[in-house]
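What follows is a short report on a single structure.
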Amino acid sequence: MKHWARVAVVLCMALVSTVSLARELPDDPFQSVMWESMAERFMPDGEIVFDERVRVMAPLSAENQFHVPVTVDATALEDVVEIVAVADLNPIPLVMSLRPTEALAFIGFRLKLQQTSPIHVGVRTGDGVWHVGGAVVDAAGGGCTAPAAAHGNSSWMQTLGETRAYAGRDDDSTARMTLRMRHPMDTGLAAGIPAFYLNELAVRNDAGKIIAELDLYEPVSENPTLTLKPRVGPEQMILHVSSRDTEGNTFSFPLDVPAATGL
């Protein structure tokens with residue numbers, strides 16, 4: 001066999017091998033035209049299964065396309081490593097990811113929608129499997145390309161990073177924390193306004209151990225509102241929240257968790 005022929009056979013065998021190793025994606029119950037692309041881009045490697053234990057709670061119709069509330073509850077799954085949320089038909093689909101190291105597999109957030117879109121949430125467990133849930137939200141449109149409301153106020157930089165936060169108890173071993181931070185979360189898609197958004201947030205305990213880490217992206221709503229459920233002991237403790245935006249601004253604050261009832 002000539003050398004070029006041997007090379008061609010090897011290349012063909014490699015191509016067949018690659019095709020045979022490609023994942024078989026399950027049919028999307030939300031019938032998104034972008035499902036295969038979203039799965040390959042944002043849920044790489046591992047098996048993908050649609051799982052009713054991944055509960056994605058969102059309105060059927062968005063009253064405000066700039067602030068669409070979404071709650072993800074995957075607490076019925078064990079050994080959750082990562083949670084990734086995407087809005088399939090947004091010009092920038094990746095919304096956020098959470099690594100709940102010492103927190104429950106739970107996240108509440110708000111996002112901007114450019115148009116009616118499926119929202120897929122992938123929850124990766126320690127065995128590498130992606131468990132997927134989702135919802136379809138009807139939206140008027142334009143949520144990603146309009147300038148942030150903050151730009152209507154010339155002094156908006158003076159309150160950048162200003163935060164309101166609260167922590168309470170779900171039970172002896174779990175707290176619920178909610179924070180709202182002032183930030184325009186500019187997507188870079190509004191004329192003359194570059195991308196500028198909060199992109200990192202971490203929660204630590206007093207010993208500096210990571211409880212939860214989040215990566216945030218452009219579709220997160222202006223003045224992000226986030227809800228997490230850290231695992232904590234029954235005694236009073238302080239959580240330490242730190243964040244950073246794409247311009248290198250850093251923000252941090254302590255958050256008091258009250259003792260469990262009866263202590």
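Note that the structure is a prediction, hence the values are computed from the model and not measured.
Of the possible polar contacts, one joining the Glu222 side chain to the Ala149 backbone as a donor-acceptor pair under 3.5 Å is found. Judged purely by atom type and a 3.5 angstrom limit, Ser117 has no side-chain atom pairing as donor or acceptor with the backbone of Gln115. The main-chain N or O of Met237 is never found under 3.5 Å from a side-chain atom of Asp206 such that the two would form a donor-acceptor pair. Between the side chain of Arg231 and the backbone N or O of Ala103, at least one donor-acceptor pair lies under 3.5 Å. Judged by distance alone, the side chain of Asn223 and the main-chain N or O of His183 form a donor-acceptor pair under 3.5 Å. Between the side chain of Trp35 and the backbone N or O of Pro26, at least one donor-acceptor pair lies under 3.5 Å. Under the 3.5 Å distance criterion, the side-chain polar atoms of Thr178 are left unmatched by any main-chain donor or acceptor of Thr227. Remark: side-chain polar atoms of Thr116 are paired, donor with acceptor, to backbone N or O of Ala139 under 3.5 angstrom. Panel note: side chain Asp170, backbone Thr174; no donor-acceptor pair is recorded below 3.5 Å. With Lys112 contributing its side chain and Gln65 its backbone, the two residues share no donor-acceptor pair below 3.5 Å.
Within a 6.0 Å sphere centred on CG of Asp127, other residues, nucleotides and ligands contribute more than 12 heavy atoms. Within a 6.0 Å radius of CG in Asp45, no more than 12 heavy atoms belonging to other residues, nucleotides or ligands are found. More than 12 heavy atoms of other residues, nucleotides or ligands lie within 6.0 Å of CD in Glu40, so this atom counts as buried by the packing criterion. Within 6.0 Å of atom CD in Glu36, 12 or fewer heavy atoms from other residues, nucleotides or ligands are found, so the atom counts as exposed in its surroundings. Counting non-hydrogen atoms of other residues, nucleotides and ligands closer than 6.0 Å to OH of Tyr166 gives a total of 12 or fewer.
Residues Leu160 and Phe251 form a side-chain contact, since some pair of their non-hydrogen atoms from C-beta on lies under 4.5 Å apart. Within the 4.5 Å cutoff, the side chain of Ser242 has no heavy atoms near those of the Thr250 side chain. The shortest distance between side-chain heavy atoms of Pro258 and Gln236 does not fall below 4.5 Å. Leu179 has its side chain within reach of Phe253: a pair of non-hydrogen atoms, C-beta onward, lies under 4.5 Å apart. Asp28 has its side chain within reach of His120: a pair of non-hydrogen atoms, C-beta onward, lies under 4.5 Å apart.
A pairwise comparison of heavy atoms in Ala105 and Val80 identifies CB-CG2, 3.7 Å as the closest pair. Smallest separation of non-hydrogen atoms from Val70 and Ala58: CG2-CB, 4.1 Å. Of all heavy-atom pairs between Ala175 and Val232, the closest is N-CG2, 3.9 Å.
Taken together through direct or relayed side-chain contacts under 4.5 Å among Ile, Leu, Val, Met, Phe, Trp and Tyr, Tyr217 and Phe196 form parts of separate hydrophobic clusters. Residue Leu94 is not grouped with residue Met185 when hydrophobic side chains (ILVMFWY) are merged at heavy-atom distances under 4.5 angstrom, including chains of intermediate members. Residues Ile83 and Val49 do not share a hydrophobic cluster, defined by chaining ILVMFWY side chains whose heavy atoms lie under 4.5 Å apart. Under the 4.5 Å side-chain heavy-atom criterion for Ile, Leu, Val, Met, Phe, Trp and Tyr, Met43 and Leu89 are members of the same hydrophobic cluster.
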### Intermediate values then yes/no, side chain to side chain donor-acceptor pair (under 3.5 Å), His151 and Asp186
CA-CA 10 Å; His151 295 296; Asp186 292 313; 2.9 Å; yes

### Message
Quick one, Gln114 with Thr145, criterion side chain to side chain donor-acceptor pair (under 3.5 Å). Give me CA distance, side-chain angles, the key distance, then yes/no.
### Response
CA-CA 7 Å; Gln114 184 66 12; Thr145 52; 3.2 Å; yes

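Of the residues listed (Asn90, Leu111, Val72), the one engaging Ile119 in a side chain to side chain contact (heavy atoms under 4.5 Å, CB included) is Leu111, and it is the only one.
In this structure, OG1 in Thr187 is found 8.5 Å from CD1 in Ile193, a value given to the nearest 0.5 Å.
Side chain to side chain, Arg169 and Thr261 fail the donor-acceptor criterion of an N or O pair below 3.5 Å.
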